[in-house]
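For reference, the structure discussed in these notes is given below.
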Number of protein chains: 2
Amino acid sequence: MDHRENALTIGRLAAMVGVNVETIRFYQRKGFLREPLRPPGGVRHYTPADAARVKFIKSAQRLGFSLDEIRHLLRLDEGMQCDAAAQLAAQHLGDVRRRLQDLRRIEATLANLLEQCGQGGGKVTCPLIVALYADEMKKDYGSGP
Amino acid sequence: MDHRENALTIGRLAAMVGVNVETIRFYQRKGFLREPLRPPGGVRHYTPADAARVKFIKSAQRLGFSLDEIRHLLRLDEGMQCDAAAQLAAQHLGDVRRRLQDLRRIEATLANLLEQCGQGGGKVTCPLIVALYADEMKKDYGSGP
DNA sequence: CTTACTGCCGTACTAAAGTACGGAGTCAAT
DNA sequence: ATTGACTCCGTACTTTAGTACGGCAGTAAG
């Protein structure tokens, strides 16, 4: 009773979640998706659960998790260990906040530089470039990765 | 009168700016650094200007410019075209702000999720994981790349 | 029956920004 | 003069997240 008409083939699954077919195959190779049921013909067909899983992956990526982190999350999902997931997420939140700080600093610097660029009408040297060269004095190299 | 004692060799330059020797060579291959003076022996030695240039690159990277963008910046530097540099920077500022927005959204979501994780003491399902699965409903796939 | 469309598969390729390696050559000091 | 550290050079490898390619098989329509 598995009328193949509306079977969820790889192509349909891919279209459904908005990814490339190759991406599905890639996830499978990497173990993010289990090998789905495969009736005699050899054509895999997927379940809505598979679609959900891929969507999960994509959602987590949108939240900035790497595939490696997502792999953990999925493992946790299998066991539903809330606290472990929360810990992972907390760690990730820390990362996100650090990146946020960096970006804010960058934004301020760039905006500032651009403002100066606009102002100095008669100056010969570009404040942006000068600032980048000057920046070297204010940073300590060797501490950062 | 180039007493080799304190000549800026590749190793010293690298240590000075806090990068790997191979990175210097890499920059050279990619045209970010000109081939430096090379007295008979074959050992390059660099000038403080080279160090400044590498530091420029690293500073710009800290501001989130890619090497490709930095290449432009450096070309502009050679001609000191302030307005072109400003335009490039403005464009980049736009990028930075977009990334900032994304990150802020991510931060809010994660923080929210974590808060819920802490609250629900007796719940079986993890809000984080559930939310990631649920997230699929709120996003439109197919519009983004 | 032929053409077209999918699906399946392994393999190879992409981009970015380096890192690592192995065999020479060179330099300063012991 | 020989050691040990450093340089030079080209080539190959790394990571992340996929994409692309080319050949073959099964199904559906004309």
Side-chain angles (χ1 to χ4, degrees), chain A residues 2-33 35-46 50 53-54 56-74 95 141 144-145, chain B residues 2-46 50 54 56-74 95 141 144-145:
Chain A
D2 59 359
H3 28 94
R4 287 125 203 282
E5 301 296 314
N6 31 356
L8 201 46
T9 64
I10 195 170
R12 278 184 224 193
L13 171 59
M16 202 170 147
V17 296
V19 304
N20 200 313
V21 168
E22 304 296 331
T23 304
I24 302 289
R25 294 203 337 105
F26 171 74
Y27 286 166
Q28 223 144 321
R29 277 204 303 281
K30 292 289 179 177
F32 288 97
L33 255 43
E35 285 291 326
L37 296 168
R38 209 197 286 219
V43 173
R44 291 180 268 239
H45 48 99
Y46 297 82
D50 294 313
R53 206 171 162 92
V54 176
F56 176 101
I57 295 170
K58 285 296 164 190
S59 294
Q61 278 188 323
R62 261 192 297 279
L63 290 193
F65 289 93
S66 71
L67 280 185
D68 227 53
E69 290 169 313
I70 293 170
R71 188 194 302 281
H72 281 287
L73 245 21
L74 284 168
D95 286 359
Y141 295 82
Chain B
D2 60 357
H3 30 92
R4 287 126 203 280
E5 302 294 316
N6 31 357
L8 202 46
T9 64
I10 195 170
R12 279 185 222 193
L13 171 59
M16 202 169 147
V17 296
V19 304
N20 200 312
V21 168
E22 304 296 331
T23 304
I24 302 290
R25 294 202 337 105
F26 171 74
Y27 286 166
Q28 224 144 320
R29 277 205 302 281
K30 292 288 180 176
F32 289 97
L33 255 41
R34 0 128 289 180
E35 285 290 326
L37 296 167
R38 208 198 286 219
V43 173
R44 291 181 267 239
H45 48 100
Y46 298 82
D50 294 313
V54 177
F56 176 101
I57 295 170
K58 285 297 163 188
S59 295
Q61 277 187 323
R62 262 192 296 279
L63 290 193
F65 288 93
S66 70
L67 281 185
D68 228 54
E69 290 168 313
I70 292 170
R71 189 194 303 282
H72 281 286
L73 246 20
L74 284 168
D95 286 359
Y141 295 82

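Note on naming: letters A, B, ... go to the chains in the order of the sequence lines (proteins, then strands), and numbering restarts at 1 for each one.
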If I take atom NZ in residue Lys30(B) and atom C1' in nucleotide dT11(D), what distance separates them, rounded to the nearest angstrom? 14 Å
Rounded interatomic separation in angstrom, taking CZ from Arg12(B) and P from dA28(C): 9 Å
From OH of Tyr46(B) over to C1' of dT7(D), roughly how many Å is that when rounded to an integer? 9 Å
Whole angstrom value for the distance that separates P of dA17(C) from CZ of Phe32(B): 8 Å
Rounded distance (Å) that lies between atom P of dT19(D) and atom CD of Gln28(A): 15 Å
At less than 4.0 Å, is any side-chain N or O atom of Arg44(B) found next to OP1 or OP2 of dC27(C)? Yes or no. no
Below 4.5 Å, heavy atoms only, C-beta onward: do Met16(A) and Val54(A) meet side chain to side chain? no
At under 4.0 Å, does any side-chain N or O of Thr9(A) touch on OP1 or OP2 of dT6(C)? no
Roughly how far, to the nearest 0.5 Å, is the CZ atom of Arg25(B) from the CD1 atom of Ile10(B)? 6.5 Å
Protein and nucleotides 18-21 of chain C: nitrogen or oxygen contacts under 3.5 angstrom:
unit_1  : atom_1 : unit_2   : atom_2 : d
dG18(C) : OP1    : Lys58(B) : NZ     : 3.1
dG18(C) : OP2    : Tyr27(B) : OH     : 3.2
dG18(C) : OP2    : Gln61(B) : NE2    : 2.5
dT19(C) : OP2    : Thr23(B) : OG1    : 2.6

Without decimals, in angstroms, what is the distance between Ile24(B) CD1 and dC8(D) P? 11 Å
Roughly, in whole Å, what's the span from CG in Asp68(B) to P in dA15(C)? 11 Å
How long is the line joining CD1 of Ile10(A) and P of dG18(D), in whole Å? 14 Å
For Asn20(A), what residues pass the side chain to side chain donor-acceptor pair (under 3.5 Å) criterion, not counting sequence neighbours? none
Run the side chain to side chain donor-acceptor pair (under 3.5 Å) test against Glu22(B) and tell me which residues pass, sequence neighbours left out. none
Sequence neighbours excluded, which residues qualify as side-chain contact (heavy atoms from CB on, under 4.5 Å) partners of Phe26(B)? Arg29(B), Lys30(B), Leu67(B)
For Tyr27(B), what residues pass the side chain to side chain donor-acceptor pair (under 3.5 Å) criterion, not counting sequence neighbours? Lys58(B)
